[in-house]
J.: 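Attaching a single structure in structure tokens format; questions to follow.
Computed from heavy atoms alone, side chains included, the values below leave out hydrogens, waters and symmetry copies. In what follows, every chain begins at residue 1, and chains take the letters A, B, ... in the order their sequences are listed.
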Amino acid sequence: MIKRQIKMLWNTAKETSTEHLISYHFIMCLFLCCFITAIMIWLCSYFEDTRNLKYTITSTLFPLVIIAMTYLSIMTVNIFSGEIDKQTMGTLFTLPVKRWALYFGKILGMILIIPVIVIMPVGILIFELSMIVGYLPPVLISIILQLALIIMLTFIAVISISVSVSVILRKTLYSATAMFLYLMLMVFIIPILIGGGGPVTRYNVDYALIFLLPYACFSAATVSTIILNNVDPLLYCLLMTYSLIAMVYGYFVFRRMEV
Amino acid sequence: MNVVEIKNLSKKYGDFLALDNINLTVESHQIVGLVGPNGAGKTTMIKLICSMLLPTNGSIKVFGQDVTKDVTYKENIGYLGENIGYYENFTAYNYLRFFGTFYRMNGEKLKKTGIEVLKTVGLLNQSNSKISTFSRGMKQRLGLARCLLHEPDLLILDEPMSGLDPTGKKDIMEKLIDIRDSGKTIFLSSHELRYMDDVCDQICVIKNGKIIAHGTPDTILTDIKGMSNYVILLKSRDKKIDELQRVFPEIRELSVKQNILHLRVKETKDFEKKFLTYLLQNNIDFSIKTHKIDAIYSQIFEEKT
């Protein structure tokens with residue numbers, strides 16, 4: 001029974017991710033992420049001292065994170081609230097799939113598209129950096145990979161929060177508005193409160209702890225990279241904790257959902 | 001064998017009691033119709049059977065499995081709702097393929113069955129068209145194709161004929177009879193009482209969340225000592241028609257509009273026989289059709305209609 005449901009979960013995930021990967025929106029988002037990354041790396045290397053490569057890397061990744069985070073939260077709202085609004089969720093509830101398999105299958109489907117959205121721009125970043133500086137020291141590659149990992153965890157946390165918001169509010173309009181306000185809070189308001197935002201923020205992991213927002217973690221991680229030469233492991237743990245809490249909370253709502 | 005067993009089922013939406021202590025069994029190889037006015041609780045009951053809603057009290061068993069605890073029974077049911085949504089960007093075939101994967105169907109089998117069911121519902125030529133281009137009736141047919149895809153033993157249909165033209169309704173009804181004859185059970189709700197009359201082996205009349213009658217249309221009609229409605233198509237207007245009410249005191253209402261004679265008759269044992277003999281003896285050219293469920297409905301919901 002469990003084995004069968006796990007197969008159903010995988011099936012749901014596969015269908016969800018395939019549907020997104022071949023969609024026009026996804027291709028546009030991917031193109032935008034790659035394009036912005038490519039442009040940013042040139043701009044940063046032009047205006048800044050290329051010796052401060054860590055700073056260049058972190059600055060480049062911020063627009064990518066904002067674009068992809070917005071896209072993923074909208075798409076996640078669409079696969080939960082959107083399906084409730086379009087009344088397709090009811091049909092899914094009549095399938096021989098347990099609610100947990102359907103719920104986590106949909107989330108997994110969204111998570112599966114994250115590597116695609118991260119790997120391509122990060123690949124461009126590595127390629128362009130190596131073209132500009134001629135040689136990339138292993139420490140820089142390690143930093144890029146650590147940041148790529150924290151970006152993926154940030155996206156997972158954003159997806160989890162979007163899912164919770166969607167299943168609680170149910171209506172696409174309400175969920176999308178709530179997520180928009182949440183992203184605004186994450187990207188603009190909280191970084192200003194932290195002190196300038198982005199990589200100029202002084203590193204203090206307490207901010208990530210106080211503001212329970214994935215972006216605060218990512219922001220703290222980039223500064224941690226500049227100062228400590230690596231990402232503070234606490235930030236990985238924080239992001240995973242946010243994701244887990246949001247996912248489990250959303251599941252308890254979804255489990256009792258009536259359509 | 002009981003396909004559906006509902007015991008002491010209640011459903012509340014806040015303070016509103018949508019279903020009140022429902023007890024019902026649906027036997028196999030039958031078409032069971034759920035009849036009642038808007039807001040009576042028909043859709044709620046259907047959604048509870050499909051576990052789209054959770055019961056406040058009571059239990060529902062489908063094929064002996066508790067719907068709140070198990071999902072394997074869903075491999076054997078096909079559900080078509082009145083206002084269900086469709087993935088508009090999918091083509092008809094891809095829509096079926098998507099759902100087929102959840103019923104352990106894949107590859108050639110899925111392709112073959114998909115084509116077969118599309119042919120059955122008359123959408124084979126539109127198999128590669130996007131659902132967004134479909135009319136409501138076509139979507140309804142596609143929904144029925146989805147229900148039939150995995151060859152379930154129980155079909156649960158909530159207003160399957162809504163949005164269909166008369167030919168479409170007739171096609172669906174004929175299809176439902178074929179499905180029933182192939183050994184499946186159908187549980188359907190509809191406002192199309194005349195079509196229900198033609199296909200239902202049993203009907204279940206629901207009012208204010210309570211089942212107030214359940215059985216074959218004939219039994220219920222006898223039970224409630226109801227009135228039958230007759231529609232008689234006259235080839236020409238005859239003066240003898242005006243005398244009908246005098247000759248047959250059972251006729252409580254009589255009206256003729258554009259050569260269509262409407263009768264509302266208090267059921268008596270030999271009325272039909274005597275009435276037909278009278279028409280034949282007086283050379284009144286006619287064709288006739290009775291609507292038992294119509295009669296039951298108007299009798300029970302008289303105060304509403």
J.: Using only heavy-atom distances, determine whether the side chains of B:D158 and B:S189 contain a donor-acceptor pair under 3.5 Å.
T.: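 Yes, side-chain donor-acceptor contact under 3.5 Å.
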J.: Between chain A and each of B:N83, B:L54, B:N89, count heavy-atom pairs under 4.5 Å; write down the option with the most.
T.: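 Heavy-atom pairs under 4.5 Å are most numerous for B:L54.
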J.: Between A:R170 and A:E258, is there a salt bridge with N-O shorter than 4.0 Å?
T.: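 A:R170 and A:E258: not salt-bridged.
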J.: Got A:F80 and A:I107 here, is their nearest side-chain heavy-atom distance under 4.5 Å?
T.: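 Yes. Closest side-chain heavy atoms under 4.5 Å.
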J.: With sequence neighbours excluded, what pairs up with A:Y182 under the ring-ring contact (aromatic ring centres under 6.0 Å, His included) test?
T.: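 Applying ring-ring contact (aromatic ring centres under 6.0 Å, His included) to A:Y182 gives none.
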J.: Going by an N to O cut-off under 4.0 Å, is there a salt bridge joining B:E88 and B:K139?
T.: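 Answer for the salt bridge query: yes.
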J.: Picking from A:E19, A:K7, A:Q5, A:E83, which has the most non-hydrogen pairs under 4.5 angstrom with chain B?
T.: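 Winner by heavy-atom pair count: A:E83.
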J.: Is it true that atom CZ of B:F134 has more than 12 heavy atoms of other residues, nucleotides or ligands lying nearer than 6.0 Å?
T.: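 Yes, enclosed.
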J.: At a heavy-atom separation under 4.5 Å, does A:S23 approach chain B through its side chain, its backbone, both, or neither?
T.: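 Looking at A:S23, nothing touches chain B.
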J.: Applying a heavy-atom distance below 4.5 Å, give me the residues of residues 59-80 of chain B that approach chain A, sorted by number.
T.: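 Contacts with chain A: B:K69, B:D70, B:V71, B:T72, B:K74, B:E75, B:Y79.
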J.: Taking NZ, NE, NH1 and NH2 as the nitrogens, is one of them in B:K42 or B:E82 under 4.0 Å from a carboxylate oxygen of the other?
T.: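 No.
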J.: What residue in A:T94, A:D85, A:T91, A:T12 has the most heavy-atom pairs under 4.5 Å with chain B?
T.: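 Maximum pair count with chain B is reached by A:T94.
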J.: Does any backbone or side-chain atom of A:K86 lie under 4.5 Å from a heavy atom of chain B? Answer side chain, backbone, both or neither.
T.: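 Backbone only.
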J.: Can you tell me which portion of A:M89 sits under 4.5 Å from chain B's heavy atoms? Options are side chain, backbone, both or neither.
T.: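 Interface part for A:M89: neither.
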J.: Should B:E151 and B:K184 count as an ion pair when the cut-off is N to O under 4.0 Å?
T.: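 Salt bridge absent between B:E151 and B:K184.
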J.: Measure from NZ or CZ of A:R99 to the centre of the six-membered ring of A:F93 and say whether it is under 6.0 Å with the direction within 45° of the ring axis.
T.: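 Yes, a cation-pi geometry.
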J.: Check whether A:R256 gets within reach of chain B through its side chain, its backbone, both or neither, counting any heavy atom under 4.5 Å.
T.: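 Both backbone and side chain of A:R256 come within 4.5 Å of chain B.
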